[in-house]
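What follows is one structure encoded as structure tokens, with my remarks underneath.
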Amino acid sequence: MAKADLPPAPGTPVPALPPHFEKAVVATGLANPHNMMLGPDGHIWLTEQIAKRITRVDPRNGKITVAVEIADAVYSPDQQDGVLGLALHPDLLKGKGRDYVYVSLTYASGQGGEFPNRTAIRRYTYNAKTQKLVSPVDILKGLPSAHDHQSARLLFGPDQKLYYSIGDQGRNQLSYLCQPNQAQLLPTEAEVKAGNREHYMGKILRMNLDGSIPADNPTIHGVKSHVYAWGIRNTQGMVFSPTGKLFATDQGPNTDDELNLILPGRNYGWPNVAGRKDDAGYAYANYSAAKGGCKGDMDNAQNGLKPPEAVPVTRESQWSDPDFVEPLKTFFSVDNNFNFNNPVCADKNLYYICWPTIAPSSIAYYRGGKQGVPGWEHSLLITSLKRGVLYRVQLDPTGTLPLGNAEPLFRSANRYREVVVSPDGRTIYVATDTSHLGTTDTGNAAFKLDNPGSIIAFKYSRAK
């Protein structure tokens with residue numbers, strides 16, 4: 001096991017600011033910013049999950065302007081649906097007639113049942129005079145939706161295609177414990193023709209700008225669909241490098257958050273594998289297949305290592321697929337003897353705060369430059385919901401492989417949701433969650449966040 005994959009000791013100190021950085025709060029009062037981008041107008045564009053709107057923030061003065069309120073979006077309190085993904089067309093405000101903004105949102109399907117909502121990807125047109133988004137067009141509807149693991153990262157590729165991540169919808173855990181996980185199930189040709197998106201769970205999608213299936217999408221198990229890659233759990237971060245490589249983070253269960261290089265038509269293993277295929281710290285316990293039926297109170301084990309006898313378990317080494325791709329890095333890997341019930345986090349049984357995961361929520365590529373931070377060229381910046389830090393992963397000179405340990409930065413009692421970098425590399429903007437738990441400096445649960453619902457700027461000034 002690589003040294004870089006081992007978790008740091010609980011309470012390992014992380015400075016609030018590295019040398020030559022200053023912190024400034026740009027904006028507050030945001031209703032759970034989810035995705036965020038720097039627009040060609042110099043403003044920060046973001047989705048507000050709870051407020052169900054797209055907002056622009058002027059980083060010079062913090063002025064907030066609402067571009068559109070999306071009345072038909074559905075948000076469930078304390079859940080992961082609402083207004084989520086965001087992508088700006090590269091020609092926005094360039095006078096080419098393509099002033100488009102794309103967003104993903106959950107909506108009521110009208111079908112009721114345990115999963116009454118679906119997800120849509122919608123295109124708006126930006127009116128620069130009124131500073132409003134108008135003329136909504138749904139380019140793809142009927143995508144899966146649940147209260148958990150939406151993922152919902154939406155971005156433009158250098159190939160002028162849209163990429164979108166859909167999580168496994170939280171199946172096989174918590175309130176969806178008895179629902180079968182479908183991250184390994186692929187759509188059939190009949191389902192594709194019928195517009196049935198049920199088996200898009202746990203996938204990364206690739207689509208044309210009108211929502212149709214690109215002709216050069218991979219054919220997987222004999223079927224061409226929107227599916228570009230599969231076997232993911234909860235990919236909330238995706239970014240293209242300057243050379244066109246697609247990097248993505250995936251949240252692990254109790255261990256093994258992942259940094260992946262996404263390749264077309266490849267399988268990333270979930271739920272059969274978490275992290276590397278090493279039989280360490282994880283085994284797949286399939287509660288939906290429990291002998292005698294699944295019961296909602298059965299999930300008293302951790303990572304399938306000690307499940308009830310009625311629940312079938314598959315070790316990572318018992319599963320194989322020629323299309324499987326291991327992660328570039330994990331955060332973090334442990335052995336089967338790891339104590340997931342660390343007494344540091346025993347308060348109110350909040351043991352999950354101490355699990356060796358960071359809950360990666362976004363990823364940005366740091367190019368560097370003359371005004372940027374020396375030594376940071378060709379790095380990945382990854383935000384953590386759990387640790388209240390931003391991790392910097394240095395890449396090799398080709399911008400492909402990670403080098404050494406991830407460096408934790410900008411420690412605070414916050415849940416860092418999203419990160420973007422200014423073009424000159426001198427300012428790193430981070431958006432924070434409105435609520436839920438952070439961590440203290442000693443590693444246990446922080447019940448009060450330092451900067452809830454905010455955009456924070458970490459500004460670098462070169463040493464004199």
Side-chain angles (χ1 to χ4, degrees), residues 33-41 43-49 51-57 65-75 81-94 96-107 117-128 130-145 150-167 197 200 203-214 217 226-228 235-240 246 248 262 362-364 417-418 420 431:
H34 194 272
N35 281 185
M36 180 172 72
M37 298 185 68
L38 278 172
D41 55 356
H43 283 59
I44 298 170
W45 293 61
L46 58 95
T47 52
E48 291 185 76
Q49 176 195 3
K52 301 186 297 184
R53 61 192 186 187
I54 300 174
T55 301
R56 297 166 57 248
V57 177
T65 305
V66 176
V68 66
E69 295 184 355
I70 305 178
D72 62 330
V74 173
Y75 167 70
D81 48 13
V83 175
L84 303 169
L86 179 69
L88 308 181
H89 195 289
D91 290 339
L92 178 66
L93 296 177
K94 291 185 178 179
K96 296 181 179 181
R98 292 186 287 271
D99 295 321
Y100 298 139
V101 174
Y102 296 81
V103 64
S104 71
L105 60 116
T106 54
Y107 66 94
N117 302 328
R118 296 291 184 271
T119 297
I121 297 177
R122 180 173 295 174
R123 188 193 75 195
Y124 286 90
T125 301
Y126 184 61
N127 185 321
T130 63
Q131 299 184 8
K132 297 294 183 181
L133 289 169
V134 297
S135 305
V137 176
D138 289 335
I139 65 168
L140 189 61
K141 296 189 71 175
L143 300 172
S145 179
Q150 290 280 357
S151 290
R153 177 62 56 177
L154 181 65
L155 80 161
F156 256 90
D159 53 4
Q160 295 295 300
K161 307 298 182 185
L162 278 172
Y163 291 75
Y164 188 64
S165 62
I166 299 184
R197 321 293 187 199
Y200 281 10
K203 313 295 190 296
I204 292 173
L205 309 182
R206 178 176 181 262
M207 68 196 76
N208 294 317
L209 301 188
D210 62 359
S212 61
I213 298 170
N217 261 16
H226 290 96
V227 175
Y228 186 74
T235 288
Q236 293 187 5
M238 293 196 299
V239 68
F240 280 97
L246 178 55
I262 302 299
S362 69
I363 183 171
R417 172 61 62 178
E418 170 73 295
V420 296

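Only this structure's heavy atoms are used, side chains among them; waters, hydrogens and symmetry mates stay out.
Distance check, rounded to the nearest 0.5 Å: CG of Leu143 to OH of Tyr200 gives 8.0 Å. Taking NZ of Lys203 as the reference point, atom CD1 of Ile166 lies at 9.0 Å (rounded to 0.5 Å). Atom CE of Met238 is separated from atom CG of Leu155 by 5.0 Å, given to the nearest 0.5 angstrom. We find the OG1-CZ distance between Thr235 and Arg153 to be 10.5 Å, quoted to the nearest 0.5 Å.
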| task | Apply the test side-chain contact (heavy atoms from CB on, under 4.5 Å) to residues Ile121 and Met207: give CA-CA distance (whole Å), side-chain angles for both, the deciding distance (0.1 Å), then the verdict. | result | CA-CA 11 Å; Ile121 297 177; Met207 68 196 76; 3.5 Å; yes
| field | Stepwise side-chain contact (heavy atoms from CB on, under 4.5 Å) test for Val103 and Val68 | value | CA-CA 11 Å; Val103 64; Val68 66; over 6 Å; no
| request: Test side-chain contact (heavy atoms from CB on, under 4.5 Å) on Leu209 and Ile139 and set out the steps. | output: CA-CA 8 Å; Leu209 301 188; Ile139 65 168; over 6 Å; no
| message | For a side-chain contact (heavy atoms from CB on, under 4.5 Å) check, start with the C-alpha distance between Thr106 and Tyr75, then their side-chain angles and the critical distance, and finish with the verdict. | response | CA-CA 7 Å; Thr106 54; Tyr75 167 70; over 6 Å; no
| task | Decide side-chain hydrogen bond (donor to acceptor under 3.5 Å, both in side chains) for Gln236 and Ser165; before the verdict, give the C-alpha distance in whole Å, the side-chain angles of both, and the deciding distance to 0.1 Å. | result | CA-CA 7 Å; Gln236 293 187 5; Ser165 62; over 6 Å; no
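Contact record, His34 with Ser151: CE1-O, 3.9 Å, taken as the closest heavy-atom pair. Considering all non-hydrogen atoms of both residues, Ala73 and Val83 come closest at CB-CG2, 3.7 Å. The heavy-atom pair separating Ile363 from Gly237 by the smallest distance is CG2-C, 3.4 Å. Heavy-atom minimum distance, Gln150 versus Ser145: NE2-OG, 3.0 Å. The nearest pair of heavy atoms linking Pro33 to Leu46 is CB-CD1, 4.1 Å. Listed here is the closest heavy atom pair of Gly211 and His226: O-NE2, 2.7 Å.
Partners of Ala87 according to the side chain to side chain contact (heavy atoms under 4.5 Å, CB included) rule, which considers only residues two or more places apart in sequence or in another chain, are Tyr102, Leu154, Phe156, Leu162. Not counting sequence neighbours, the partners of Tyr163 by the ring-ring contact (aromatic ring centres under 6.0 Å, His included) test are Tyr228, Phe240. With sequence neighbours excluded, the residues satisfying side-chain hydrogen bond (donor to acceptor under 3.5 Å, both in side chains) with Asp81 are Ser76. Every residue two or more places apart in sequence or in another chain that forms a side-chain hydrogen bond (donor to acceptor under 3.5 Å, both in side chains) with Ser362 is listed here: Thr383, Glu418. Listed by chain and residue number, Asp41 satisfy the salt bridge (Lys or Arg N to Asp or Glu O under 4.0 Å) test with Arg56 (two or more places apart in sequence, or in another chain). For Thr55, the side-chain hydrogen bond (donor to acceptor under 3.5 Å, both in side chains) partners are Glu48, not counting sequence neighbours. The side-chain hydrogen bond (donor to acceptor under 3.5 Å, both in side chains) search around Tyr124 returns Arg122, not counting sequence neighbours. The side chain to side chain contact (heavy atoms under 4.5 Å, CB included) search around Val420 returns Met36, Leu38, Tyr429, not counting sequence neighbours. The salt bridge (Lys or Arg N to Asp or Glu O under 4.0 Å) search around Lys141 returns Asp138, not counting sequence neighbours. Under the side chain to side chain contact (heavy atoms under 4.5 Å, CB included) criterion, Thr130 pairs with Asn127, Lys132, not counting sequence neighbours.
A distance-only check finds no donor-acceptor pair linking the side chain of Thr47 to the backbone of Gly85 [under 3.5 Å].
Under the salt bridge (Lys or Arg N to Asp or Glu O under 4.0 Å) criterion, the residue pairs touching residues 97-106 are Asp91-Arg98, with sequence neighbours excluded. Pairs engaging residues 157-167 under the salt bridge (Lys or Arg N to Asp or Glu O under 4.0 Å) rule: Asp159-Arg206 [sequence neighbours left out].
None of Ile204, Thr119, Leu140 except one satisfies the side chain to side chain contact (heavy atoms under 4.5 Å, CB included) rule with Tyr164; the exception is Thr119.
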